[in-house]
Amino acid sequence: MRAQETALALDRPFSTSPKVGTGASAADVIAAAGWPARADPLVVVGHQPTLGRVAAMILTGRESDWDIAKAAVWWFRHTGGNTTLIAVLDPDVLTPPAHAPAIR
């Protein structure tokens, strides 16, 4: 439920995999995402500690408790058998200050 509420903020259609839930492991999330075989882009929305464990497993092959800031974005790419962390965006970068003019 919490991840669905978070996904609503993206203002895009989404679906929830029945393969993951509050008790899902990092391996469950990775399998539900079809990583690394999936060819099309995918956004995974979740919470700590699971997302930190997913990031650790994707990059190191081992589950570990990594800290991911609330509302952060981590972008991974898998090509040619290699996984690359393309970018990590802190939530402060993603959310303009209240006094900033809207860009249209």
Engineer: To the nearest 0.5 Å, tell me how far Q48 CD sits from D67 CG.
Structural biologist: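 Here the rounded value is 5.5 Å.
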Engineer: Kindly give the heavy-atom pair with the smallest separation between D90 and D92, and that separation in Å.
Structural biologist: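 Smallest heavy-atom distance, with atoms named: OD2-N, 2.9 Å.
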Engineer: For the residue pair V73 and V88, establish whether any side-chain heavy-atom pair is separated by less than 4.5 Å.
Structural biologist: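 A side-chain contact under 4.5 Å is absent here.
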Engineer: Quick one: OG1 on T16 to CE on M1, what's the gap to the nearest 0.5 Å?
Structural biologist: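 Rounded to the nearest 0.5 Å, the OG1-CE separation comes out at 10.0 Å.
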Engineer: Please confirm whether the backbone N or O of G46 pairs with a side-chain atom of T50, one donor and one acceptor, at under 3.5 Å?
Structural biologist: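 No: the side chain of T50 does not pair with the backbone of G46.
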Engineer: Looking at A55 and I68, what are the two nearest heavy atoms and their distance?
Structural biologist: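 So the two residues come closest at CB-CD1, 4.0 Å.
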Engineer: When you look at K19 and D28, which way does the salt bridge (Lys or Arg N to Asp or Glu O under 4.0 Å) test go after all the steps?
Structural biologist: CA-CA 7 Å; K19 298 177 183 177; D28 294 335; over 6 Å; no
Engineer: Quick test of your reading: applying ring pair (Phe, Tyr, Trp, His ring centres under 6.0 Å), list the pairs with at least one residue in residues 1-29, sequence neighbours left out, ordered by first then second residue.
Structural biologist: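 For residues 1-29: none.
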Engineer: For the backbone of W66 and the side chain of S64, can you confirm whether one donor and one acceptor N or O come within less than 3.5 Å of each other?
Structural biologist: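 Such a contact is absent between S64 side chain and W66 backbone.
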Engineer: Taking it one step at a time, do T83 and R77 satisfy side chain to side chain contact (heavy atoms under 4.5 Å, CB included)?
Structural biologist: CA-CA 6 Å; T83 298; R77 180 179 293 149; over 6 Å; no
Engineer: Are any non-hydrogen side-chain atoms of W74 and L51 less than 4.5 angstrom apart?
Structural biologist: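 In short, these two side chains do not touch, never coming nearer than 4.5 Å.
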Engineer: For the side chain of T84 and the backbone of I86, is there at least one donor-acceptor N/O pair under 3.5 Å apart?
Structural biologist: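 Answer holds: no.
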Engineer: In this structure, would V45 and V29 fall into the same cluster of hydrophobic residues linked by side-chain contacts under 4.5 Å?
Structural biologist: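 No; V29 is not reachable from V45 via cluster members.
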Engineer: Determine, using the 4.5 Å side-chain heavy-atom cutoff (strictly less than), whether L42 and M57 are members of one ILVMFWY cluster.
Structural biologist: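 Yes, one cluster joins them.
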Engineer: So H47 and R2, do their side chains get closer than 4.5 Å, heavy atoms only?
Structural biologist: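 SC-SC contact between R2 and H47 confirmed.
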Engineer: Of all heavy-atom pairs between E63 and A26, which one has the smallest distance, and what is that distance?
Structural biologist: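 In terms of heavy atoms, the two residues are closest at OE1-CB, 3.5 Å.
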Engineer: For the residue pair V44 and A33, what are the closest heavy atoms and their distance?
Structural biologist: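 Looking at all heavy atoms of both residues, the closest pair is CG2-CB, 4.2 Å.
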Engineer: Do the non-hydrogen side-chain atoms of L85 and W75 ever get within less than 4.5 Å of each other?
Structural biologist: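 The answer is no, as the side chains (C-beta and beyond) never meet within the 4.5 Å cut-off.
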Engineer: Can you check whether L8's main-chain N or O pairs, donor with acceptor, with Q4's side chain at less than 3.5 Å?
Structural biologist: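 Not a single qualifying donor-acceptor pair exists.
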Engineer: Output the distance between atom CH2 (W35) and atom CD1 (I30), rounded to the nearest 0.5 Å.
Structural biologist: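 If we round to the nearest 0.5 Å, W35:CH2 and I30:CD1 are 9.0 Å apart.
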Engineer: Got a sec: does the CG of D40 have more than 12 other heavy atoms crowding it under 6.0 Å?
Structural biologist: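 Enclosed: over 12 neighbouring heavy atoms sit under 6.0 Å from CG of D40.
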